Asker: 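I'd like to ask some things about the structure below.
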Amino acid sequence: MDPTFYRTAADAIAAPPEEVAYLVAFDRAGQKNDAMTVIDVKPGSKTYGRVVGWTDTPALGDELHHFGWNACSSAYKHEGHNMHGLQRRYLLVPGLRSSNIYVFDMGPDPRSPKLVKTIDRKTLSKMASYSRPHTAHCGPDGVFLTCLGGAEGDDDGPGGVALLDHHTFDVVGAWETERGPQHFHYDAWWHLNQNVLISSEWGSPSMIEKGMVPELLLGNKYGHAIHFWDLAAGKHFQRVDLGEEHQMALEVRPSHDPEATWGFVGVVISTKDLSAAVFRWFREGDTWKAAKVISIPAEPADPDLLPPALKPFRAVPPFITDIDLSVDDKFLYVSCWATGDFKQYDVSDPAYPVEVGSVRIGGIISRAAHPAKPDMPLAGGPQMIEISRDGKRVYFTNSLYGSWDDQFYPDGVGAWMVKLDVNPDGGMTFDKDFFPHGEEFRGLRVHQIRLQGGDASTDSYCYRQSDV
């Protein structure tokens, strides 16, 4: 068994730390190739905090976005499947705009990703009837790939989950057998031992690809529900509406405890007061419910300093665009992309989060600098988060999605990545020696991060005790 397949969360926490991080970079103009990059994250290294690996994708205009491993700790639930030779070796990297999917081999040299397979959009459409692949999760039956759009010619048709084979990376087909009322899609993850998958909602491709549409937002037309499914059967069994004013339910972060029945989902904006929120889902008897546990208010602002989309509101909404839960389930991290705040909550009692840390960097108004470059105002804000398995390090980047970057930061977002060191009792500080930015990324923007050997948003653990 691959040593980076961990039976328990405690095993993952105790394993050797990451030495490299993988980060996708994309060209908004579609005139340069997107790339898989490698960042040295080993303290003391001569190239610490620098780009040390770079592999282009062959097409233009992919907009690499989210990505994931071919296999991980959920392999312990692969009973009945071929486990021979299965290892955490390949990264599956979708192009959100092109619908191409790239498979990179990270095995021979972790600093030199090798592109070994391309799955084109026509194959995805033919085999699964989906497009706009978004999030990849290594699961018990294969790689689960969430998709925002329907088949070619029906782009705004229902989004869903395409299932890919762990070994060949062939598209097996659509995972769902009974969709129920679900139409929009975004993220999906699960409670493996409960046989439950949870999915969330953003919007159809036409609602997002040219930026946020104010009329749709004010009409409460974006997604505002989470869905519960029978994981083994692919059958929908419950929809939980968060309230139509809670627009765009994005990342789902279930507890890492394999016996738990709770998790968190982030909501971008409320049309009632421009606040952003985090909801906790939980099971009560045989019914799944959700309750708002975090609310972050908008900040009043001079309209002359705001981009056109926000001028009428005279305020900056937080825009919660990512959340991430530490492997020990102690801290929840929240990106407020528009204000520039990055918040840390103690969720030891998940029903009652307590804010214990906050930093600010970037932001529409504040343009707060990094301590390594205190005289350089930064655009963009905290966005895609990744947490080390031991919970001691948090990394994040600054680009949300090309057209949304342009809409809310019309003078550009640049490219930067930061690392925070975490106090075990709460609180975070910037690592002044870690700040890859600007031309380090060759003019491209950067989005999701994955860590060598696994991280907080990749693995699902199957056991509470190692000796089970």
Side-chain angles (χ1 to χ4, degrees), residues 5-13 68-69 71-81 135-146 160-161 163 175-178 180 182 185-201 225-240 242 249-266 278-291 293 323-330 332 347-351 353 387 389 454-465 468:
F5 293 171
Y6 313 108
R7 291 178 67 86
T8 70
D11 291 343
I13 291 169
W69 293 102
C72 57
S73 301
S74 61
Y76 283 101
K77 285 291 181 184
H78 286 196
E79 293 92 343
H81 297 276
T135 298
H137 269 305
C138 35
D141 296 312
V143 179
F144 286 62
L145 184 65
T146 69
V161 177
L163 192 63
W175 166 76
E176 300 87 354
T177 58
E178 292 183 15
Q182 178 267 324
H185 219 290
Y186 182 79
D187 196 12
W189 212 354
W190 38 66
H191 294 299
L192 277 181
N193 289 7
Q194 310 299 323
N195 189 39
V196 172
L197 180 143
I198 306 97
S199 68
S200 60
E201 305 182 333
I226 52 177
H227 300 266
F228 294 84
W229 307 73
D230 182 310
L231 176 58
K235 293 182 179 180
H236 185 284
F237 66 82
Q238 189 180 346
R239 176 182 185 268
V240 175
L242 305 179
L250 300 186
E251 254 69 31
V252 294
R253 303 299 187 206
S255 166
H256 295 92
D257 177 351
E259 301 304 326
T261 55
W262 60 267
F264 298 105
V265 59
V278 176
F279 282 74
R280 180 180 75 102
W281 74 75
F282 57 96
R283 189 169 64 190
E284 194 170 276
D286 294 329
T287 302
W288 293 88
K289 298 183 176 182
V293 292
I323 62 174
D324 206 357
L325 182 63
S326 61
V327 173
D328 62 2
D329 287 349
K330 182 177 181 180
L332 180 73
V347 291
S348 300
D349 182 344
I387 310 166
R389 285 170 281 106
D455 47 57
S457 68
T458 291
D459 288 63
S460 305
Y461 307 104
C462 302
Y463 303 98
R464 278 181 166 173
Q465 298 178 347
V468 173

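Only heavy atoms go into these numbers, but all of them, side chains included; no hydrogens, no water, no symmetry mates. Values in this document were obtained by computation on a predicted structure and should not be read as measured data. Throughout, residue positions are numbered sequentially from 1 according to the sequence presented.
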Asker: Would you please name every residue forming a side chain to side chain donor-acceptor pair (under 3.5 Å) with W288, sequence neighbours left out?
Answerer: none

Asker: Does any part of the side chain of V293, heavy atoms only, come nearer than 4.5 Å to the side chain of F264, both counted from C-beta?
Answerer: yes

Asker: May I ask you to check if R7 and Y463 form a cation-pi contact, with NZ or CZ under 6.0 angstrom from the six-membered ring centre and within 45° of the axis?
Answerer: yes

Asker: Does F5 reach the side chain of D459, with side-chain heavy atoms less than 4.5 Å apart?
Answerer: no

Asker: Is any side-chain heavy atom of S74 closer than 4.5 Å to one of L192?
Answerer: yes

Asker: Look at atom CG of D349 and say whether more than 12 heavy atoms of other residues, nucleotides or ligands are closer to it than 6.0 Å.
Answerer: yes

Asker: Kindly write out the residues that satisfy side-chain contact (heavy atoms from CB on, under 4.5 Å) with A291, not counting sequence neighbours, or none if the list is empty.
Answerer: F282

Asker: How would you list, by chain and number, every residue that makes a side chain to side chain donor-acceptor pair (under 3.5 Å) with S457, sequence neighbours excluded?
Answerer: E386, R450

Asker: Quick check: do V240 and W281 have side-chain heavy atoms less than 4.5 Å from each other?
Answerer: no

Asker: Is the H227 ring parallel, tilted or perpendicular to the W229 ring (thresholds 30°, 60°)?
Answerer: tilted

Asker: How would you list, by chain and number, every residue that makes a side chain to side chain donor-acceptor pair (under 3.5 Å) with Y186, sequence neighbours excluded?
Answerer: E251

Asker: Roughly how far apart are D455 CG and I387 CD1, rounded to 0.5 Å?
Answerer: 9.0 Å

Asker: Identify the two heavy atoms, one from L250 and one from S200, that lie closest to each other, and give their separation to 0.1 Å.
Answerer: O-OG, 2.6 Å

Asker: With W189, which residues qualify under ring pair (Phe, Tyr, Trp, His ring centres under 6.0 Å), at least two apart?
Answerer: H137

Asker: T261: which residues meet the side chain to side chain donor-acceptor pair (under 3.5 Å) condition with it, sequence neighbours left out?
Answerer: none

Asker: Enter the distance from W190:CH2 to F228:CZ here, rounded to the nearest 0.5 Å.
Answerer: 15.0 Å

Asker: How long is the straight-line distance from NZ of K235 back to CG of L197, given to the nearest 0.5 Å?
Answerer: 15.5 Å

Asker: Any side-chain heavy atom of S199 within less than 4.5 Å of one from V252?
Answerer: no

Asker: What's the spacing between E201 CD and I226 CD1 if we round to 0.5 Å?
Answerer: 9.5 Å

Asker: Rounded at 0.5 Å granularity, tell me how far CG in L325 sits from CG in L332.
Answerer: 6.0 Å

Asker: For D328 and S326, does a side-chain donor sit closer than 3.5 Å to a side-chain acceptor?
Answerer: yes

Asker: What is the minimum heavy-atom distance between T458 and C138, and which atoms define it?
Answerer: CG2-SG, 3.9 Å

Asker: Using side-chain contact (heavy atoms from CB on, under 4.5 Å), reason through E178 and H236 one step at a time and then give a plain yes or no.
Answerer: CA-CA 6 Å; E178 292 183 15; H236 185 284; 5.7 Å; no

Asker: Using the test salt bridge (Lys or Arg N to Asp or Glu O under 4.0 Å), find all partners of R239 that sit at least two apart in sequence or belong to another chain.
Answerer: D241

Asker: Do you know which two heavy atoms are closest between C462 and K77, and how far apart they sit?
Answerer: SG-CG, 3.2 Å

Asker: By salt bridge (Lys or Arg N to Asp or Glu O under 4.0 Å), which residues pair with E284, not counting sequence neighbours?
Answerer: K289

Asker: Do the side chains of H191 and E259 get nearer than 4.5 Å, heavy atoms only?
Answerer: no

Asker: Over all heavy atoms of both residues, which pair between A249 and A225 is shortest? Give the atoms and the distance, please.
Answerer: CB-O, 4.0 Å

Asker: Picking from V347, D329, I323, what satisfies side-chain contact (heavy atoms from CB on, under 4.5 Å) with R253?
Answerer: I323

Asker: So, using side-chain contact (heavy atoms from CB on, under 4.5 Å) as the criterion, who are the partners of N195 when residues are at least two apart?
Answerer: D230, L231, A232

Asker: Please enumerate all residues that pass ring pair (Phe, Tyr, Trp, His ring centres under 6.0 Å) together with F279, with sequence neighbours excluded.
Answerer: H246

Asker: Mind checking salt bridge (Lys or Arg N to Asp or Glu O under 4.0 Å) for R389 and listing every partner two or more places apart, or none if nothing turns up?
Answerer: none

Asker: Test side-chain contact (heavy atoms from CB on, under 4.5 Å) on T8 and R464; report intermediate values, then the result.
Answerer: CA-CA 6 Å; T8 70; R464 278 181 166 173; 5.8 Å; no

Asker: How close do S73 and Y461 get, heavy atom to heavy atom, and via which atoms?
Answerer: OG-CE2, 3.7 Å

Asker: What pairs with A136 under side-chain contact (heavy atoms from CB on, under 4.5 Å), at least two apart in sequence or on another chain?
Answerer: V143, L145

